[in-house]
Amino acid sequence: MRRCLALSIGSAFLFLFAVPAFAEPDGKALYESKCAMCHGKDGVAKPMAKGSANFNDPAFQKANDAAAIAKVASEGKNKMPAYKDKLSAADIQAIAAHVKTLK
């Protein structure tokens, strides 16, 4: 009985510490699947998204921090729909952080 109890406790201990932490959202992958169709993989807006900012434009990058980008992604703007009900806040933050790399 003691051996079974020790084995159970040892197994539970290993399980608790062997479970990996939740991974952070992959902003690049999310951007490519949710945003690139209009905003371009490289941040250059496609013709169908006429009027959208080019994310790789230095003026855009200077004028918009990650919080401003996340706000637009969350709430939407002009033709762009809001994503607050489609993506988690962490996903939106990860996308915004990726947009800041498109310099």
Side-chain angles (χ1 to χ4, degrees):
M1 178 75 171
R2 282 185 171 169
R3 186 173 184 198
C4 289
L5 181 60
L7 187 57
S8 296
I9 292 171
S11 296
F13 181 81
L14 285 174
F15 176 76
L16 288 174
F17 292 98
V19 174
F22 291 103
E24 292 293 319
D26 183 343
K28 181 179 180 184
L30 286 164
Y31 176 88
E32 288 176 359
S33 70
K34 304 292 183 190
C35 311
M37 65 193 92
C38 294
H39 293 284
K41 195 171 182 177
D42 58 357
V44 177
K46 294 187 175 183
M48 66 181 269
K50 187 176 181 178
S52 295
N54 289 325
F55 294 150
N56 66 351
D57 180 1
F60 173 86
Q61 288 287 335
K62 185 176 181 180
N64 294 279
D65 62 8
I69 295 165
K71 182 177 180 185
V72 171
S74 183
E75 297 175 5
K77 183 176 180 182
N78 300 327
K79 293 187 226 176
M80 187 182 132
Y83 278 86
K84 65 183 170 195
D85 295 331
K86 298 173 183 152
L87 296 171
S88 71
D91 289 345
I92 291 171
Q93 291 297 326
I95 290 169
H98 176 69
V99 169
K100 291 300 291 178
T101 71
L102 298 174
K103 296 179 181 178

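Since this is a predicted model, take the numbers as computed values, not measurements. Positions are given from 1 along the sequence.
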### Query
Under a 4.5 Å cut-off applied to non-hydrogen side-chain atoms, are Lys100 and Ile69 in contact?
yes

- prompt: With a 4.5 Å heavy-atom cut-off, do Leu87 and Lys34 have their side chains touching?
  reply: yes

In short, Gly43 meets Leu102 closest at the heavy-atom pair CA-CD1, 3.9 Å

*Under 4.5 Å between any side-chain heavy atoms of Asn54 and Phe60, yes or no?*
no

Worksheet item: Hey, does the side chain of Asp65 reach the backbone of Ala68 with a donor-acceptor pair shorter than 3.5 angstrom?
Response: yes

Is there a side-chain contact between Pro81 and Lys86 in this structure, where contact means two heavy atoms from C-beta onward sitting under 4.5 Å apart?
yes

**Study point:** Exam field: side chain Asp42 to backbone Val44, donor-acceptor pair closer than 3.5 Å
**Key:** yes

Should Ile95 and Tyr83 count as side-chain neighbours, where that means a heavy-atom distance under 4.5 Å? no

Rounded to the nearest 0.5 angstrom, the NZ-CD1 distance for Lys71 and Ile92 is 13.0 Å

Q | Parallel, tilted or perpendicular, as decided by the 30° and 60° cut-offs, for the rings of Phe55 and His39 | A | parallel

**Asked** Counting distance only, does the side-chain N/O of Ser33 pair as donor-acceptor with the main-chain N or O of Ala29 below 3.5 Å?
**Response** yes

Tightest non-hydrogen contact, residues Ala45 and Ala53, listed as CB-O, 4.0 Å

Heavy-atom nearest pair, Tyr31 first then Lys41, reads CE2-O, 3.8 Å

Just by modelled atom types, is the Gly27 backbone N or O under 3.5 Å from a matching donor or acceptor in the Glu32 side chain? no

Minimal heavy-atom distance between Ala82 and Ser74, with the atoms involved, is CB-O, 3.1 Å

Side chain Asn78, main chain Met80, donor-acceptor under 3.5 Å: no

Nearest heavy-atom approach of Cys38 to Ala49 is O-CB, 3.5 Å

NZ of Lys46 to CE of Met37, rounded to nearest 0.5 Å, is 9.0 Å

